[in-house]
Asks: 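For reference, the structure I am asking about is given below.
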There are 2 protein chains.
Amino acid sequence: MTPATSKEPRNFHHGDLRAQLILAVRALVEAQGADGFSIAEAARAAGVSSGAPYKHFEDRRALLRAVASDGLERLRVAMLAAKDGLRPGSLDAIAAIGLAYIAFAKAQPGLFRLMFGLTDGHEKSAELAEAGQRAFAVVLEATADHVGQSAATSAVQETAYLLWTLVHGHAFLSIDAKRKDQAGRPDDEYYVRRASAAILGSHDRGL
Amino acid sequence: MTPATSKEPRNFHHGDLRAQLILAVRALVEAQGADGFSIAEAARAAGVSSGAPYKHFEDRRALLRAVASDGLERLRVAMLAAKDGLRPGSLDAIAAIGLAYIAFAKAQPGLFRLMFGLTDGHEKSAELAEAGQRAFAVVLEATADHVGQSAATSAVQETAYLLWTLVHGHAFLSIDAKRKDQAGRPDDEYYVRRASAAILGSHDRGL
DNA sequence: TACTTAAGTGAGCGCCACTTACTTTGTCAA
DNA sequence: TTGACAAAGTAAGTGGCGCTCACTTAAGTA
């Protein structure tokens with residue numbers, strides 16, 4: 001693949017087509033939905049011929065997977081930034097992480113849906129799975145800090161998972177027009193705090 | 001549109017192409033993912049020419065929306081059936097509804113993702129929004145029964161929404177391979193009971 | 001029987017995913 | 001310095017799909 005002598009895969013003709021394609025696809029997905037983008041259009045946006053993307057991605061799905069992985073990494077960074085400066089494991093920190101998650105989904109609903117909507121080729125993509133794990137690790141560590149137990153214990157993992165699903169479910173339903181402007185959906189901040197307190201409380205009470 | 005004199009839109013040549021197309025698309029979506037189906041393939045499965053579907057659906061997205069609405073109705077029926085025979089508002093009934101929701105997602109992940117993954121044309125589809133409302137109503141009523149308050153009160157709606165998001169989040173993450181076989185994800189039944197108890201408990205404690 | 005209209009046909013247009021053969025360009029070894 | 005090599009990009013072509021349009025068929029009405 002890469003010449004053994006060069007340290008990194010250098011980009012010859014174009015600047016860095018791979019990264020630029022991911023960027024272009026992100027914009028297209030946001031503008032027209034995950035199914036409304038085309039490789040040809042992304043190539044045009046990057047100023048290359050329609051065949052060029054295939055030098056970097058095996059096929060359409062591989063490109064989408066790369067965009068999703070990239071998105072998960074961005075989500076992880078956003079969550080890390082949100083808790084920065086807050087006391088580790090504090091309810092404030094946990095709420096901030098949840099709010100960052102929700103804000104991410106609302107700001108980039110197309111990308112968010114893509115990240116969690118891919119049906120195909122999971123098996124092939126260890127990259128995607130690992131990106132998901134790394135993002136979850138942020139929640140897991142905050143939970144461990146909060147309850148004062150190791151992140152390796154199954155009780156902590158369970159509670160962290162509960163927190164994740166709550167926020168994930170809210171984020172997903174929030175960007176879904178089916179329930180827009182409907183009574184019963186609380187304000188994000190209030191929601192995250194109440195839900196987190198309920199889950200963490202049930203943990204403290206012995207699961 | 002429909003001749004004023006006929007009571008129902010009769011189906012002339014074909015049996016009921018509209019319904020058969022939805023059926024075919026459901027199978028295709030399950031087999032190949034939401035983006036992996038084509039109108040042409042669905043038409044072939046129904047034994048008609050490639051132009052025929054356009055007599056029943058404006059375009060590809062309209063067909064997908066119809067499939068999603070149909071899926072939401074099926075989900076609603078499944079939840080109703082699950083709570084049948086259980087004491088209204090009991091924790092058993094609420095857990096049964098949640099489990100039916102999760103079972104639905106696991107049994108038909110392609111359809112489930114389609115139902116909640118559509119990015120486009122929400123505005124145009126009152127049908128889709130209403131199908132979502134009707135499904136939510138099942139959870140809302142069970143919650144109202146449980147806490148002994150009217151489904152019209154905002155506190156009850158909030159709690160019902162919390163329950164919905166929890167189950168929705170878990171269902172979504174369950175069918176997502178990113179976290180398959182990973183520690184920290186509890187058994188469905190245990191999950192639903194613990195999560196429901198935590199949420200309903202926080203309601204009883206005065207929100 | 002003639003009229004109307006929904007339902008379906010089949011050909012055709014443009015776009016797209018993907019392939020293949022070819023050219024260009026940077027890198028390294030001799 | 002040069003010449004071989006591999007990565008990166010091009011151009012043209014194939015087949016399939018979304019969608020349209022002019023047309024035919026079938027059912028109900030008067």
Asks: Do A:F172 and B:F116 have their ring centres less than 6.0 Å from each other?
Replies: no
Asks: How would you list, by chain and number, every residue that makes a side chain to side chain donor-acceptor pair (under 3.5 Å) with A:D145, sequence neighbours excluded?
Replies: none
Asks: What are the atom names and distances for every N/O pair under 3.5 Å that joins the protein to nucleotides 9-12 of chain C?
Replies:
unit_1	atom_1	unit_2	atom_2	d
C:dT9	OP2	B:S49	N	2.6
C:dT9	OP2	B:S49	OG	2.8

Asks: In a table with atom names and distances, give each donor-acceptor pair under 3.5 Å that connects a side chain of residues 80-92 of chain B to protein atoms at least two apart or in another chain.
Replies:
unit_1	atom_1	unit_2	atom_2	d
B:S90	OG	B:R87	O	2.7
B:S90	OG	B:A93	N	3.1
B:D92	OD1	B:R193	NH1	3.3
B:D92	OD1	B:R193	NH2	2.7

Asks: Take atom CG of A:L64 and atom P of C:dC16, then tell me their distance rounded to the nearest Å.
Replies: 15 Å
Asks: Does a side-chain N or O from B:H56 land closer than 4.0 Å to OP1 or OP2 of C:dG8, or not?
Replies: yes
Asks: Just jot down the side-chain contact (heavy atoms from CB on, under 4.5 Å) partners of A:A151, sequence neighbours excluded, or say none.
Replies: A:L140, A:A144
Asks: Got a list of protein N/O to nucleotides 16-18 of chain D N/O distances below 3.5 Å?
Replies:
unit_1	atom_1	unit_2	atom_2	d
D:dC17	OP2	B:R44	NH2	3.0
D:dG18	OP1	B:I39	N	3.0
D:dG18	OP1	B:R60	NE	3.4
D:dG18	OP2	B:I39	N	3.1
D:dG18	OP2	B:A40	N	3.1

Asks: Apply side-chain contact (heavy atoms from CB on, under 4.5 Å) to A:A40 and list each qualifying residue two or more places apart in sequence or on a separate chain.
Replies: A:S38, A:R44
Asks: With sequence neighbours excluded, what pairs up with B:Y191 under the ring-ring contact (aromatic ring centres under 6.0 Å, His included) test?
Replies: A:Y161, B:H170
Asks: For residues 95-104 of chain B, run the donor-acceptor check on the side chains, cut-off 3.5 Å, and write out each pair with its distance to 0.1 Å, sequence neighbours left out.
Replies:
unit_1	atom_1	unit_2	atom_2	d
B:Y101	OH	B:H168	ND1	2.7

Asks: Name all residues meeting the side chain to side chain donor-acceptor pair (under 3.5 Å) criterion together with A:K106; count only those two or more places apart in sequence or in a different chain, and write none if there are none.
Replies: A:D188
Asks: Rounded to whole angstrom units, what separation is found between the CG atom of A:L28 and the P atom of C:dC16?
Replies: 11 Å
